[in-house]
Student: 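The structure follows.
Quick note: residue numbers are just sequence positions, from 1.
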Amino acid sequence: MAALAASLMLASCGNKGGEVSHATSSKDIAIENILNRKSVRNYLPDTAIAPEVMEGMLRCAMAAPTGMDKRPWRFVVVNNTAAFDTILDESDFNRKMYLSASAVVIFCADTTSTRQDSTGTTVVFPNPIWRDDMGACVENFLLAAEANGLGACWTACYPFAERMAPIKKVFGLPNNVQPYALVAIGYPAGMTQPKDKWKPENIHYDRW
């Protein structure tokens with residue numbers, strides 16, 4: 001883990017798409033990485049993501065906070081993105097982006113939990129907070145992608161049935177597993193600037 005953290009910090013100190021880092025401490029590096037994160041939709045062609053880089057980003061994703069330590073996240077890493085040529089209709093706004101990406105990560109969630117009742121029987125029941133856990137998981141992955149000089153774009157899957165159904169069918173997701181988001185990822189083609197979303201008027205102190 002120490003090696004992974006060091007590699008992420010070094011990556012975020014580098015020049016990514018024309019950005020110049022002025023971070024001088026681990027705190028500065030972390031904050032700058034958050035503020036530099038952006039949605040990238042255009043990728044360099046014919047570029048693969050090294051397996052160890054993908055694994056490192058998924059390790060970061062799994063470090064996200066999770067209610068009652070349920071860790072509902074599951075992942076399908078699609079390196080052959082040509083699969084999306086037939087999965088999604090041509091009218092899908094994100095289809096071309098998926099096809100040009102180096103990989104598409106399908107963030108999935110086990111929507112159930114299990115426990116032992118008083119008789120020792122395993123009881124399966126719904127996990128009501130899996131959506132919160134998945135949001136944190138995806139954000140961790142996006143920040144890790146930014147730190148590695150990669151471009152990524154989070155696109156919705158849940159709760160849209162027309163997007164969820166073909167993903168579940170083609171990739172063989174079990175009944176209790178729902179596709180939550182599709183994240184296209186690759187090396188950026190060109191420069192995408194982060195958006196300044198700071199709005200102090202949205203903040204209220206002590207009461208509304």
Student: Apply the hydrophobic cluster definition, ILVMFWY joined by side-chain contacts under 4.5 Å directly or through others, and give me every member besides Ile129.
Tutor: Met68
Student: After noting the C-alpha distance and the side-chain angles of Cys108 and Leu173, does the key distance pass the side-chain contact (heavy atoms from CB on, under 4.5 Å) rule?
Tutor: CA-CA 9 Å; Cys108 308; Leu173 274 59; 3.7 Å; yes
Student: Do the non-hydrogen side-chain atoms of Tyr98 and Thr155 ever get within less than 4.5 Å of each other?
Tutor: yes
Student: Sequence neighbours left out, what passes ring-ring contact (aromatic ring centres under 6.0 Å, His included) with Tyr180? Give chain and number order.
Tutor: none
Student: Under a 4.5 Å side-chain heavy-atom rule over Ile, Leu, Val, Met, Phe, Trp and Tyr, are Leu182 and Val77 clustered together?
Tutor: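 Unlinked, Leu182 and Val77 end up in two clusters.
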Student: Taking all non-hydrogen atoms of both residues into account, name the closest pair between Met57 and Ala145 and its distance.
Tutor: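 So the minimum-distance heavy-atom pair works out to SD-CA, 3.5 Å.
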Student: Met54, Trp154: one ILVMFWY side-chain cluster at the under-4.5 Å cut-off?
Tutor: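 Same hydrophobic cluster.
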Student: Looking at Glu146, is its backbone amide N or carbonyl O close enough to the side chain of Lys38 to form a donor-acceptor pair, meaning the two atoms are under 3.5 Å apart?
Tutor: no
Student: Output every pair passing salt bridge (Lys or Arg N to Asp or Glu O under 4.0 Å) with a member in residues 149-166, not counting sequence neighbours, ordered by first then second residue.
Tutor: Asp92-Arg163
Student: With sequence neighbours excluded, what pairs up with Tyr187 under the ring-ring contact (aromatic ring centres under 6.0 Å, His included) test?
Tutor: none
Student: Between Val78 and Phe84, is any pair of side-chain heavy atoms under 4.5 Å apart?
Tutor: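 The answer is yes; the side chains approach within 4.5 Å.
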Student: Do Pro194 and Arg37 come within less than 4.5 Å of each other through their side chains, counting heavy atoms only?
Tutor: no
Student: Would you find more than 12 non-hydrogen atoms of other residues, nucleotides or ligands less than 6.0 Å from Lys96 atom NZ?
Tutor: no
Student: Strictly by side chain to side chain donor-acceptor pair (under 3.5 Å), give each pair with a member in residues 68-86 just once, sequence neighbours left out.
Tutor: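 Sorted pair list: Asp69-Arg71, Asp85-Arg95.
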Student: Quick one: side chain to side chain donor-acceptor pair (under 3.5 Å) pairs with a partner in residues 127-143, sequence neighbours left out?
Tutor: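 Every pair satisfying side chain to side chain donor-acceptor pair (under 3.5 Å) with a residue in residues 127-143: Thr66-Asp133, Arg131-Tyr158.
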Student: Working to the nearest 0.5 angstrom, can you tell me the gap between Asn33 CG and Asn148 CG?
Tutor: 9.0 Å
Student: Cluster question for you: counting only ILVMFWY and a side-chain heavy-atom cut-off of under 4.5 Å, with indirect links fine, are Ile185 and Leu58 together?
Tutor: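 Yes; Leu58 is reachable from Ile185 via cluster members.
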Student: Which heavy-atom pair separates Phe141 from Ala61 by the least distance, and what is that distance?
Tutor: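 Result for this residue pair: CB-CB, 4.0 Å.
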Student: Looking at every heavy atom in both Pro188 and Gly149, which two are closest together, and how far apart are they?
Tutor: CD-O, 3.5 Å
Student: Just grab all the ring pair (Phe, Tyr, Trp, His ring centres under 6.0 Å) pairs involving residues 51-71, residues at least two apart or on different chains.
Tutor: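 Residue pairs with at least one partner in residues 51-71: there are none.
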Student: Does the pair Cys153 and Met97 meet the rule for a side-chain contact (heavy atoms from CB on, under 4.5 Å), with working shown?
Tutor: CA-CA 9 Å; Cys153 186; Met97 177 182 68; 3.8 Å; yes
Student: Evaluate the criterion side-chain contact (heavy atoms from CB on, under 4.5 Å) for residue pair Ile87 and Phe171; output intermediate values, then yes/no.
Tutor: CA-CA 10 Å; Ile87 293 173; Phe171 295 102; 3.4 Å; yes
Student: Kindly indicate whether the side chain of Pro166, heavy atoms from C-beta on, has any atom under 4.5 Å from the side chain of Met164.
Tutor: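 No. Closest side-chain heavy atoms not under 4.5 Å.
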Student: Side-chain atoms of residues 110-124: list all donor-acceptor pairs with protein atoms under 3.5 Å, sequence neighbours left out, distances to 0.1 Å.
Tutor:
unit_1	atom_1	unit_2	atom_2	d
Asp110	OD1	Thr112	N	3.0
Asp110	OD1	Thr112	OG1	2.8
Asp110	OD1	Asn176	ND2	3.0
Asp110	OD2	Asn176	ND2	3.4
Thr111	OG1	Asn176	O	3.0
Gln116	NE2	Thr122	OG1	2.8
Asp117	OD1	Thr119	N	2.9
Asp117	OD1	Thr119	OG1	2.7
Asp117	OD1	Gly120	N	3.1
Asp117	OD1	Thr121	N	2.9
Asp117	OD2	Thr119	OG1	3.4
Thr119	OG1	Thr121	OG1	2.9

Student: Please report the shortest heavy-atom distance between Ser39 and Thr192, naming the atom on each side.
Tutor: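 Shortest heavy-atom separation between Ser39 and Thr192 comes out as O-CG2, 3.6 Å.
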Student: Phe93: which other cluster members, linking ILVMFWY side chains closer than 4.5 Å, directly or transitively?
Tutor: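 Direct or chained contacts put Phe93 with none.
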Student: Val183 and Val104: side-chain contact (heavy atoms from CB on, under 4.5 Å), yes or no, with the steps?
Tutor: CA-CA 5 Å; Val183 175; Val104 176; over 6 Å; no
Student: Let me have the donor-acceptor pairs involving side chains of residues 195-208, under 3.5 Å, with sequence neighbours excluded, atom names and distances please.
Tutor:
unit_1	atom_1	unit_2	atom_2	d
Asp196	OD1	Trp198	N	3.1

Student: Enumerate donor-acceptor pairs with a distance under 3.5 Å from any side-chain N or O in residues 40-53 to protein atoms, sequence neighbours excluded.
Tutor:
unit_1	atom_1	unit_2	atom_2	d
Arg41	NH1	Asn94	OD1	2.7
Tyr43	OH	Val40	O	2.5
Tyr43	OH	Ala184	O	3.4
Thr47	OG1	Leu44	O	3.0
Thr47	OG1	Ser102	OG	3.2

Student: With sequence neighbours excluded, tell me which residues meet side-chain contact (heavy atoms from CB on, under 4.5 Å) with Lys169.
Tutor: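 Not a single residue meets the side-chain contact (heavy atoms from CB on, under 4.5 Å) criterion with Lys169.
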